[in-house]
Structures are given as structure tokens and as C-alpha cells.
There are 2 protein chains.
Amino acid sequence: MIRNLTEQDKEHLQEALVKSGQKVTPQREAVFTVLLAERDHPTVDEVFHRAREVMPGLSLATVYNCLETFVGCGLVRQVNHERESTRYCPNLAPHAHFRDKETGQVHDIELPAEVMKSLRSILPPGFDSEVIEISFHGRAQAKESHSN
Amino acid sequence: MIRNLTEQDKEHLQEALVKSGQKVTPQREAVFTVLLAERDHPTVDEVFHRAREVMPGLSLATVYNCLETFVGCGLVRQVNHERESTRYCPNLAPHAHFRDKETGQVHDIELPAEVMKSLRSILPPGFDSEVIEISFHGRAQAKESHSN
DNA sequence: TTGCGGATTAGACTCATTCTAACTGATTAG
DNA sequence: CTAATCAGTTAGAATGAGTCTAATCCGCAA
């Protein structure tokens, strides 16, 4: 179920951590592995339980710490929807999120550069945005999860 | 500071409430008045304190109730940013939000129909969205609040 | 070996929000 | 009139995601 990190993923993790002056630890590897294994935008709690299967002693606080670290060094993105628990997403390409009203599932929606551009263009002069978050809320036809 | 509702606003409130089978109460009027008086996207707590100046016995629970009611009948919109307290906004026109990194202030950004359309068009078939939320995060040049 | 510093841990804590149960006050039914 | 009903309000308790704290662990350098 939770396969190990590929060499490539391992390097990716190591590079990002070291670049921001932090260490690769077994806990961080475990959490990162979980994130890549099932790209279903898990909550902290879900990550915690999945990672525990592989590393039983892991604490919740550490999962919070790891995820914060990953966000800090650009390895994953936070996804917030209304006031629900924060979810985490290892997809780094610019994309929007679609939240299914019925199932609560979150899907990534590709965001073409030209749409990004037109969005940026609606900002009045003087407004300088680094982050744009776009989220849709509605119904999605049954669609299998694309765990790539 | 907090002036009374205009006749027009009063009718607006009454119509929306009655249409969804609910009553106009002094508390609801007070909360609505506060929302219209200063359109700075206040948190529940801010609404609470402002409304207390006018109606000292008002309880926090009621403010939560009123705001929920207003959202339910389309009088106001919730604005969430990351996991911060929910803010409320009486601007009903479709618009995005810009959150100033430094001050925490939230500004409305007009959302042209054509941008809305291009956004809707990026949804793959099978995805049907009712709500689109767009929020920018960055720095804004000094700009006075437009309390209209 | 000792000391240092980052990482991890369990558990206490915070705080926005929700829930609960009692109360109020207007309206309706007898 | 009097009681029953019912939406709305209220204070305070409960919830739960997230944060903080203080102790410990562990790899590395002096």
C-alpha cells in the first residue's frame, strides 16, 4: 500500500530540506512517502494514521512539524476549504482545487498559464500578489482517483 | 459611527429573511447594520464587539446565529483565509479577495464576467461548480478603505 | 566524553466554533 | 383570557484543529 520512495523522490526531498538548512530524518521520509503514495489531499490526521502503519512510534506533533517543514521548503501545498481541517497536496504545478460537495473529496484542476495571467490582470495597480488560490465547490461525476 | 439602516437596506434585510421563512429581529437588524456600516470584512468577534455598542445584551452565540442566517439567505458571504477566523462581507457582486500580508486587511477585487467564464471553462467535463472562490495573497499599496 | 543543536515526543493549552438546555416573547388555538 | 407553540436568544459547556512547552533523543564536533 505505501511503497517506498523512488530514488528520484528521495533526492527531491533531500535537496529541498538541505537547501533550507534542514535534515532528512526517518520521520520526514515516512511522512513524505505517505504524501506521495496516495495523492488524495489527506488531512493531518489521515497522514498521521497512514504513517503510523509504517512507523508506529510517530507522534502527531511530528506530523504537524514535518508538514510545516515541507510547506516551508516548497515540497507540498496546503489546501484549505472553509474551516475544515487543512489538507496537504504534493502537486507543485499551479492548479486549482475542486471540492466535491457530496463526498468531500478534493480534485486537482489544471490551471492554464493564460488563465493565471488573466487572473493576475484583474488586480488594480498597487496590488502585488504572490499566491493565488482558486477553489471550486460543487458536484463531480464519479471519477477514479488518479494516484500517479 | 454606526448609523442606522436606510429604508432600502431594511427592506433588503426583511425581504431576504421573510423569503426564507425567518423573522426580522432587533438582533438581526443590529448585526446587519454593523456589517453595512464598515465594510472591512470583520470577524465574528469584531461584529460582536461593534454590535454590543448598540445592543449591550447581545450574545456571541446570537452573532454566530445571525451571520449564519444571513449566509443562508444570501445576504452576506463568508470569507475564509487559511485557518484564520471567518470574516463576513456584505458585497454580493461576484468578486475575489485580496489579503494583505502585512496588515491582514482584506480587499474586494472586482471579477469581470469574462474572467469568471474562463475560470469555469477550465473544469473538465463532469465537474459542475456552483461556487468559485478566488483569493490573492500579497502586498497592497496604502489604499483607503472604501466604506460605501 | 562532553556538549551542542536540531528533531521528536506527550501532553497541556488555545481559541474559534458548535452544541445544549433554559429562557423569552410573539403568535395562535382553545 | 390562558395555554400551547415555536422561532429566536442566551450563557456556558463542549469540541476539535492546531500550537506550545518542556523533556528527551540523537548525530556530530570539540
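Keep in mind that the numbers below use all heavy atoms, side chains included, and drop hydrogens, waters and symmetry copies. Per chain, numbering begins at 1; letters A, B, ... match sequence-line order.
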Between the main-chain N or O of [Y] and the side-chain N or O of [X], is there a donor-acceptor pair closer than 3.5 Å?
X	Y	value
R28(A)	K23(A)	yes
H12(A)	K10(A)	no
D100(B)	A140(B)	yes
E11(B)	Q8(B)	no
E46(A)	T43(A)	yes
R83(A)	R83(B)	yes

Identify whether any heavy atom of L60(A) sits under 4.0 Å from a base atom; if not, whether one sits that close to sugar-phosphate; answer base, sugar-phosphate or nothing.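 No contact.
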Between [X] and [Y], is the ring centre distance below 6.0 Å?
X	Y	result
H97(B)	F136(B)	no
H41(B)	Y88(B)	no
F70(B)	F32(B)	yes

Return whichever of T43(A) or C66(B) has its heavy-atom-nearest nucleotide of DNA chain D closer to the 5' end.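 Upstream on the strand: C66(B).
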N/O to N/O distances under 3.5 Å, protein versus nucleotides 14-16 of chain C:
none

Does OP1 or OP2 of dT8(C) have a side-chain N or O of S59(A) closer than 4.0 Å?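 Checking dT8(C) against S59(A), no side-chain N or O comes under 4.0 Å of OP1 or OP2.
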Distance in angstrom units between N65(A) CG and dG5(C) C1', rounded: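 About 15 Å, once rounded to whole Å.
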Nearest-Å distance, CD (E68(A)) to C1' (dG6(C))?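 Those two atoms, CD and C1', are 14 Å apart.
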List the atom of R52(B), the atom of L58(B), and the distance in Å for their closest heavy-atom pair.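 In terms of heavy atoms, the two residues are closest at NH1-O, 3.2 Å.
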If you measure from the Lys or Arg side-chain nitrogens to the Asp or Glu carboxylate oxygens, is any gap between E82(A) and R99(A) under 4.0 Å?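 Result for this pair is no, no salt bridge flagged.
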With a 4.0 Å heavy-atom cut-off, tell me which residues in residues 19-34 of chain A come close to DNA chain D, sorted by residue number.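 Those residues whose heavy atoms fall under 4.0 Å from DNA chain D, taken from residues 19-34 of chain A, amount to none.
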First contact, last contact: which nucleotides of DNA chain D are these for chain A, 5' to 3', heavy-atom distance under 4.0 Å?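 So the outermost contacting nucleotides come out as dA17(D) to dT19(D).
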